[in-house]
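As structure tokens, the structure follows; a few thoughts come after it.
If you read the sequence from its start, that first residue is 1, and numbering goes on from there. These numbers were taken from a predicted model, which means no experiment stands behind them.
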Amino acid sequence: LDKGTIWWEKEVVDGQVWEGSVELSCMREDGRRGGGKKGGSGGGGDGIIRLKQQDGSDTDEQQQLNVYYTPSDYKPSRKQPSRLERKDVIQFKLVTERRTGKKYARDITLVQSERERQRLEREAKLLENAPLERGKVVSIKDGYGFLRSVSRLEQVYFHFSHVEKKEADNDDDDGEKEGGNDNNYGLSSLVEGQEVEFYVVNEQG
């Protein structure tokens, strides 16, 4: 620091990116936190983060260091949720506040929301017994489309986020699989009449 400069907070380790999960989300204006919990300990309405160890495991509860964060520490990208919820996995810089000695997370980025983790878990279970079918693209709409399978009469709905490239190929031989992938790839890869392979799941079953 320049001579005469006062630091209000300092990084615990310069340049290091830490990872953790939200233990207690920030308080909302109605006095509630994520998951409907009322109030809680910590710095007023500040949220609390559970740090992960270097091997990726959670810290032991008895050794748990309280790391706080404020709503302004998290700036989501366009497609991310506007606020952090309990069990969301995040990365951040870790600083010590000079006045209080508390540890705060700064420049928080969302790695995976708990809602997304649950969605992928449900999807993986659906795919365990899902049959692999072949067919053609019947129609493409705004963000979704329909397939005609050689194995069934009814058309099969799909969303572009479920379109992925076959692992065996990196050329124009593309497949459609319920899995969760980049929407932009689905938009650019499929055309009506194209032959595809896909897994069929009944999400209401």
Side-chain angles (χ1 to χ4, degrees), residues 17 19-22 25-26 28-30 32-37 47 56 69 71-92 107-205:
V17 177
E19 186 167 306
S21 59
V22 176
S25 58
C26 290
R28 295 171 173 157
E29 292 182 359
D30 61 3
R32 306 190 74 85
R33 297 180 187 268
K37 293 187 177 181
Y69 77 95
S72 62
D73 294 318
Y74 169 62
K75 293 180 173 57
S77 62
R78 184 170 59 88
K79 294 185 179 180
Q80 290 182 327
S82 60
R83 71 188 311 273
L84 296 172
E85 302 290 347
R86 188 171 184 271
K87 294 186 177 182
D88 287 353
V89 178
I90 55 178
Q91 290 182 338
F92 50 89
D107 300 332
I108 296 174
T109 57
L110 179 63
V111 176
Q112 185 183 55
S113 69
E114 174 64 8
R115 179 174 296 181
E116 175 67 5
R117 186 198 66 78
Q118 291 178 355
R119 184 190 70 80
L120 292 174
E121 186 178 76
R122 289 193 300 269
E123 190 172 83
K125 289 180 179 179
L126 288 171
L127 284 171
E128 285 179 356
N129 299 312
L132 177 64
E133 301 187 10
R134 296 176 182 272
K136 291 185 178 182
V137 179
V138 176
S139 61
I140 296 176
K141 309 293 183 180
D142 183 15
Y144 67 96
F146 291 91
L147 309 173
R148 176 175 291 114
S149 172
V150 298
S151 305
R152 62 184 66 230
L153 294 176
E154 69 272 19
Q155 294 183 1
V156 180
Y157 167 88
F158 74 94
H159 189 271
F160 282 166
S161 62
H162 293 148
V163 179
E164 61 181 32
K165 189 176 293 186
K166 279 186 177 180
E167 293 183 0
D169 292 309
N170 286 321
D171 50 25
D172 293 333
D173 186 12
D174 300 319
E176 198 282 342
K177 177 179 178 180
E178 298 285 336
N181 226 320
D182 191 332
N183 286 16
N184 292 331
Y185 181 75
L187 285 167
S188 62
S189 64
L190 294 181
V191 293
E192 292 182 3
Q194 181 176 346
E195 293 185 355
V196 291
E197 290 181 346
F198 49 91
Y199 290 92
V200 178
V201 297
N202 182 4
E203 294 186 346
Q204 297 179 350

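- In this structure E128 satisfies the side chain to side chain donor-acceptor pair (under 3.5 Å) test with no other residue, sequence neighbours excluded.
- Shown here for S25 and L84, the closest heavy-atom pair between the two residues is CB-O, 3.4 Å.
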Check the pair R119 / R115 against side-chain contact (heavy atoms from CB on, under 4.5 Å), numbers first and verdict last. CA-CA 6 Å; R119 184 190 70 80; R115 179 174 296 181; 5.8 Å; no
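- Side-chain contact between V111 and I90 is absent, with no heavy atoms from C-beta onward closer than 4.5 Å.
- Between F158 and F160, the ring planes lie tilted relative to each other; the angle falls in the 30° to 60° range.
- Residues meeting the side chain to side chain donor-acceptor pair (under 3.5 Å) test with R122, sequence neighbours left out: none.
- Listed here is the closest heavy atom pair of V191 and V137: O-CB, 3.4 Å.
- In this view, S77 and Q80 satisfy the side chain to side chain donor-acceptor pair (under 3.5 Å) rule, not counting sequence neighbours.
- Not counting sequence neighbours, the partners of T109 by the side chain to side chain contact (heavy atoms under 4.5 Å, CB included) test are Q91.
- By the side chain to side chain donor-acceptor pair (under 3.5 Å) test, S113 pairs with no residue at all, sequence neighbours left out.
- With sequence neighbours excluded, the residues that form a side chain to side chain contact (heavy atoms under 4.5 Å, CB included) with E192 are S139, I140.
- Side-chain atoms of Y199 and P131, non-hydrogen and from C-beta on, never get closer than 4.5 Å to each other.
- For the side-chain contact (heavy atoms from CB on, under 4.5 Å) with E114, the qualifying choice from D88, V89, V22 is D88, the only one to do so.
- Counting heavy atoms from C-beta on, the side chains of V156 and F198 come closer than 4.5 Å.
- A 4.5 Å side-chain heavy-atom check between E133 and V150 finds every atom pair outside the cut-off.
- Atom OG in S161 sits 14.0 Å away from atom OH in Y144 (nearest 0.5 Å).
- In this structure, R83 pairs ionically with E85, as a charged nitrogen and a carboxylate oxygen lie closer than 4.0 Å.
- Looking at L110 and P81, their side chains come closer than 4.5 Å, going by heavy atoms from C-beta outward.
- Here CG of L147 is found 10.0 Å from CD of Q194. Values are rounded to the nearest 0.5 Å.
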May I have the step-by-step check of side-chain contact (heavy atoms from CB on, under 4.5 Å) for K136 and V196, ending in yes or no? CA-CA 6 Å; K136 291 185 178 182; V196 291; 6.0 Å; no
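- Here the straight-line distance linking atom CD of Q112 with atom NZ of K87 works out to 13.0 Å at 0.5 Å rounding.
- Taking all atoms of both residues into account, the shortest heavy-atom contact from V201 to A130 is CG1-CB, 3.6 Å.
- Partners of V138 by side chain to side chain contact (heavy atoms under 4.5 Å, CB included), not counting sequence neighbours, listed by chain and number: R148, Q155.
- Under the side chain to side chain contact (heavy atoms under 4.5 Å, CB included) criterion, E154 pairs with R152, sequence neighbours left out.
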Steps toward side-chain contact (heavy atoms from CB on, under 4.5 Å) verdict (F92, D107): CA-CA 5 Å; F92 50 89; D107 300 332; over 6 Å; no
